[in-house]
Amino acid sequence: MRRLDQLLANLGYCSRREARDWVNAGRVTINGKIADDSGRKAEAASVLVDGEPLDHPDGLLLLMHKPIGLVCSHDEREGPNVYSLLPPRWRQRNPQVTSIGRLDKETSGLLLLTDQSALVHRLTSPKHKVPKVYRAQLDRETPADLAALFASGTLQLDGEKTSCSPAVLQMMSPLEAELTLTEGKYHQVRRMFATQGCTVTALHRFKFGSLELGDLPAGQWREMPLSHFDPA
Ligand code: URA
C-alpha cells in the first residue's frame, strides 16, 4: 500500500502537490470509489486515474534498438539521450528509468532499460557473466592469433586493474568480427581491438543474454515482462 500522492508522483503522473488537485478534481478512484484524500493509502491495482489503470505500477523493462547519436547518460550536458525516445510520463518516474549498462554514443543496438535497480545490478555485475554479443567493423585485418588472445583472459587494457575476462571472437570476414563479452569495461570492444592497432569503425550489439534485437527498427523499443530475468 502506498499513499496516492506518492504513487502518482513516483509513476510520473504529476508532482505530489498536483496529485492533491487531481484527487480534489475527482480524477482518481480506489476500488471504483472517488478518492477524497491524496494521503490515503491504496494498492496500486485498485487505483484508476481518469478511468484508466495505473501505468506499469510494478515496474518497467524495455528492450530498445539504440540508434547511433544518442547517449545513455541522463546528464543533458552529454547530449541527446535514449530516454528522449520514451513517453514523457516514463521519463518522470522515480525510481528513474535507466539503461542496464551503457552503449557509446557511436554504438547502436540492443539496450535494456528498467526502473528496477536490483535488475541493473544483477545484469551488469561481471559475476553473473551475462553474454553480450557485438558486431564490429574494423579498419584493418586482425592478427591470426587474436581469438586465442581474447579467449585467454590475460588481455590488459590501459588503466584497468583487472585483465579482460575470456571473450569469444569469431571473424565473419577479414574486416567483420563478432565478439562475445561477459563484462562491460569502458569502451571495451573498441579498446580490445585497439590493443592490436585496429580501429572499430562501426559497432552494433545484437544480443544480450538470451534476448536478441531481431528486426526491431533503430529508435524503437518493446516492452518485456519483468519476469524475463527472474532467477530460475
Ligand atoms: N564496447 C564499446 O567499445 N562500446 C560499447 O558501446 C559497448 C562495448
Side-chain angles (χ1 to χ4, degrees), residues 62-75 77-86 97-114 119-143 146-147 149-172 175-214 216-221 229:
L62 307 170
L63 185 160
M64 178 183 278
H65 183 163
K66 177 196 173 296
I68 289 170
L70 299 183
V71 297
C72 294
S73 164
H74 282 96
D75 186 343
R77 290 169 301 186
E78 293 187 32
N81 62 40
V82 293
Y83 312 103
S84 64
L85 300 174
L86 302 180
V97 176
T98 189
S99 64
I100 300 181
R102 290 186 174 190
L103 293 175
D104 312 334
K105 185 173 181 184
E106 298 311 323
T107 301
S108 60
L110 197 165
L111 184 69
L112 294 174
L113 304 157
T114 188
L119 198 53
V120 176
H121 289 127
R122 180 145 62 87
L123 295 178
T124 54
S125 153
K127 204 171 68 190
H128 287 95
K129 299 199 185 321
V130 179
K132 282 147 283 196
V133 192
Y134 298 84
R135 189 171 308 121
Q137 300 290 337
L138 306 168
D139 70 335
R140 69 194 63 197
E141 292 190 21
T142 56
L146 192 57
L149 174 65
F150 283 3
S152 70
T154 61
L155 183 70
Q156 187 65 41
L157 300 177
D158 280 350
E160 298 290 343
K161 288 199 189 78
T162 55
S163 53
C164 295
S165 298
V168 179
L169 174 69
Q170 205 182 350
M171 295 309 298
M172 311 308 285
L175 297 180
E176 189 180 28
E178 279 187 15
L179 184 61
T180 305
L181 302 184
T182 56
E183 57 184 349
K185 297 186 194 297
Y186 179 70
H187 287 187
Q188 185 165 350
V189 175
R190 296 177 197 276
R191 290 165 71 207
M192 285 174 75
F193 283 105
T195 61
Q196 308 301 308
C198 295
T199 299
V200 171
T201 55
L203 186 59
H204 179 78
R205 180 164 73 188
F206 61 98
K207 239 182 136 179
F208 188 117
S210 62
L211 296 174
E212 299 209 34
L213 199 51
L216 186 68
Q220 299 207 6
W221 43 265
F229 288 106

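Just so it is clear, the structure is predicted and the values come from calculations on it, not from any experiment. Below, all heavy atoms of this structure are taken into account, side chains as well, without hydrogens, waters or symmetry copies. Order of appearance sets the numbers: ligands from 1, and atoms from 1 within every ligand.
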For Glu178, what residues pass the salt bridge (Lys or Arg N to Asp or Glu O under 4.0 Å) criterion, not counting sequence neighbours? Arg135

What pairs of residues pass the salt bridge (charged side-chain N to carboxylate O under 4.0 Å, His left out) test when at least one of them lies in residues 186-199, not counting sequence neighbours? Asp104-Arg190, Glu160-Arg191

Please check if the distance between the ring centroids of His128 and His121 is under 6.0 Å. no

Atom CD of Glu176 and atom CG of Leu138: how far apart are they, to the nearest 0.5 Å? 9.0 Å

Output for ligand 1, non-hydrogen cut-off under 4.0 Å, lists Leu103, Asp104, Thr107, Tyr134, His187, Gln188, Val189, Arg190, Leu203

Got a second to check how far Lys66's NZ is from Ser99's OG, nearest 0.5 Å? 10.0 Å

Applying ring-ring contact (aromatic ring centres under 6.0 Å, His included) to His187 and not counting sequence neighbours gives none

